[in-house]
Number of protein chains: 2
Amino acid sequence: MCATVRNPHTPAGARILDTASALFYERGIRAVGVDLIADEAGTTKKTLYDRFGSKDELVAAYLARRAERWIAFLTDYLAEHAPEPGPQRVLAVMDALKERMSGQDRGCAFVNAFAELGGTDHPGNAVIREDKHYMRSLFIRLVGEAGIPDPAAVGAHAHLLYEGAIVARTAGGLEGAYDEARAAMARLLAA
Amino acid sequence: MCATVRNPHTPAGARILDTASALFYERGIRAVGVDLIADEAGTTKKTLYDRFGSKDELVAAYLARRAERWIAFLTDYLAEHAPEPGPQRVLAVMDALKERMSGQDRGCAFVNAFAELGGTDHPGNAVIREDKHYMRSLFIRLVGEAGIPDPAAVGAHAHLLYEGAIVARTAGGLEGAYDEARAAMARLLAA
DNA sequence: CTGCGAGTATACAGACCGGTATGGTTATGT
DNA sequence: ACATAACCATACCGGTCTGTATACTCGCAG
């Protein structure tokens, strides 16, 4: 029963998802074939298709897990470094981002995926939008909890700085982008 | 003589570049094959390779011309709508962006290209960085000419809002992103 | 009139793509 | 003891990928 939905939570399935995630992020989705993924994961294409059904669904699983892990990291980071509401808690999101992205120069996985999948009916597109909307509403919530007026607008502005920083740092190669975005955010919150 | 450098400025060469540009932007670089480009341009692969040498060089030509045209559009827009230095001239960049991107929901061509080419030695990568650096220094210059203190920092902040707006609007599907970025920019310039 | 650049048309090479088929092995739980 | 899930190994399918080869036509400038 349940022929369409597979269970990827097996040792080989985990290896496949780990390998695919690294390769997709590092080289791009279309640049990585299923043969390579199976090879690098020390398994076979048969197992890959038994676990995930198709490359598209594997891509969607990659994006979904990446979003899940980033949110978990961010939540933990905020709880530890900025547990109290206030402007510092908003700025701590940028600190978390900077720490998370250190050593990763391939930018935002969701923006990159959008570049390859956008405009199609690929199952990954829903995950991409979901991530952006989550970050947007997180900023709005944090700004509101900080007692800053007009949190919908100011939170949106903070979110734009967050997104812009990732692009500027990676595609633009501008090394100070995360610090700049944090400074701009502080300025906006104080205005 | 001059075997490596071809001259793409011929009728068929122009058709190929036009067709390739539209397809690359709309569907992504790796998703579009040279056969399709030649077909849609009403010519042959032979001619494509005679004019551009390789797909990689055609991609680089696509990016270079896109940057060139955007800068020309932006320069004209500023000269017409905000000829005098001042904060309004900085904000006019966002107006130009909004007008330019109306009807185009596939985001920044350079960010998209970075998603597919980043981390390689593809000739297009230089064009990508060049564009981001141009926009960065343009913002710094405009902010400086407006007489605003610390133009290096404030210009950088404006640039981050600019980049973030494109991502939020396209990958994130957030329709008000350009207006939000303009408002945030005004707020920053006034602070 | 002749040489050349530009273009058309078609076929091919060699690799890689996503996906399927067949068949055998091992571990586990009933 | 027997089914089942998970896995490995290998071969294959039709299609597409970038890039090259061959051979022809046309217009133009020296």
Side-chain angles (χ1 to χ4, degrees), chain A residues 1-21 23-24 26-63 113 116-117 120-125, chain B residues 1-21 23-24 26-63 113 116-117 120-125:
Chain A
M1 59 213 80
C2 236
T4 54
V5 178
R6 281 94 173 172
N7 173 27
H9 305 300
T10 64
R15 259 153 45 220
I16 288 168
L17 185 52
D18 288 345
T19 306
S21 296
L23 289 171
F24 285 153
E26 205 59 40
R27 306 189 196 175
I29 291 169
R30 298 195 74 115
V32 174
V34 287
D35 295 87
L36 178 64
I37 294 168
D39 248 37
E40 296 263 302
T43 180
T44 64
K45 274 203 293 184
K46 175 82 160 60
T47 301
L48 188 156
Y49 278 93
D50 282 349
R51 297 295 129 243
F52 294 93
S54 71
K55 184 185 179 181
D56 282 357
E57 288 186 47
L58 176 58
V59 169
Y62 148 65
L63 292 172
E116 300 196 74
L117 317 177
T120 72
D121 58 350
H122 194 286
N125 278 309
Chain B
M1 58 213 77
C2 231
T4 54
V5 178
R6 281 93 174 173
N7 173 25
H9 305 299
T10 65
R15 258 152 45 218
I16 288 168
L17 185 53
D18 288 345
T19 306
S21 297
L23 289 170
F24 285 153
E26 205 59 41
R27 306 188 196 174
I29 292 169
R30 299 197 72 116
V32 174
V34 287
D35 295 271
L36 178 64
I37 294 168
D39 247 37
E40 297 262 303
T43 179
T44 64
K45 275 204 289 182
K46 175 81 163 58
T47 300
L48 188 155
Y49 278 92
D50 283 349
R51 295 297 128 244
F52 294 94
S54 69
K55 182 185 179 181
D56 283 357
E57 288 186 48
L58 176 58
V59 169
Y62 148 64
L63 292 172
E116 300 197 73
L117 316 176
T120 72
D121 60 350
H122 194 286
N125 278 307

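Numbered from 1 within each chain, the chains take letters A, B, ... in sequence-line order.
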What contact category does B:R30 fall into here, base, sugar-phosphate, or nothing, at under 4.0 angstrom with non-hydrogen atoms? nothing
Select base, sugar-phosphate, or nothing to describe what B:G53 touches, counting heavy atoms under 4.0 Å on all strands. nothing
Return the value, rounded to whole Å, for the distance between atom [atom1] of [X] and atom [atom2] of [N].
{"X": "B:K45", "N": "D:dC17", "atom1": "NZ", "atom2": "P", "value": "9 Å"}
{"X": "B:Y49", "N": "C:dG7", "atom1": "OH", "atom2": "P", "value": "17 Å"}
{"X": "A:D50", "N": "C:dG19", "atom1": "CG", "atom2": "C1'", "value": "12 Å"}
{"X": "B:D56", "N": "D:dC17", "atom1": "CG", "atom2": "C1'", "value": "13 Å"}
{"X": "A:D39", "N": "C:dG18", "atom1": "CG", "atom2": "C1'", "value": "15 Å"}
{"X": "B:L48", "N": "C:dG7", "atom1": "CG", "atom2": "P", "value": "11 Å"}
{"X": "B:R27", "N": "D:dT16", "atom1": "CZ", "atom2": "P", "value": "13 Å"}
{"X": "B:I29", "N": "D:dT18", "atom1": "CD1", "atom2": "P", "value": "12 Å"}

Between B:T44 and C:dT10, is there a side-chain N or O to OP1/OP2 distance below 4.0 Å? no
Does D:dC7 have its OP1 or OP2 closer than 4.0 Å to a side-chain nitrogen or oxygen of A:R51? yes
Check whether [X] reaches the backbone of [Y] with its side chain - one donor and one acceptor, N or O, closer than 3.5 Å.
{"X": "A:E40", "Y": "A:T19", "value": "no"}
{"X": "A:T47", "Y": "A:T43", "value": "no"}
{"X": "A:D56", "Y": "A:P123", "value": "no"}

Any idea which of [options] is nearest the [X] side chain?
{"X": "B:T10", "options": "D:dG19, C:dG19, C:dA6", "answer": "C:dA6"}
{"X": "A:A12", "options": "D:dC7, D:dT18, C:dG7", "answer": "D:dC7"}
{"X": "A:K55", "options": "D:dC7, C:dG19, D:dT18", "answer": "C:dG19"}
{"X": "A:T43", "options": "C:dT20, D:dC8, D:dT18", "answer": "D:dC8"}

Over all atoms of both residues, closest heavy-atom pair of B:V32 and B:L23: CG2-O, 3.6 Å
If you assign B:D35 and A:A41 each to the DNA chain D nucleotide with the nearest heavy atom, which residue ends up on the more 5' nucleotide? A:A41
Taking for A:K46 and for A:L36 the nucleotide of DNA chain C with the nearest heavy atom, the one nearer the 5' end belongs to A:L36
Using the side chain to side chain contact (heavy atoms under 4.5 Å, CB included) rule, take B:L63 and B:F24 through it: C-alpha gap first, then chi angles, then the decisive distance, then the call. CA-CA 10 Å; B:L63 292 172; B:F24 285 153; over 6 Å; no
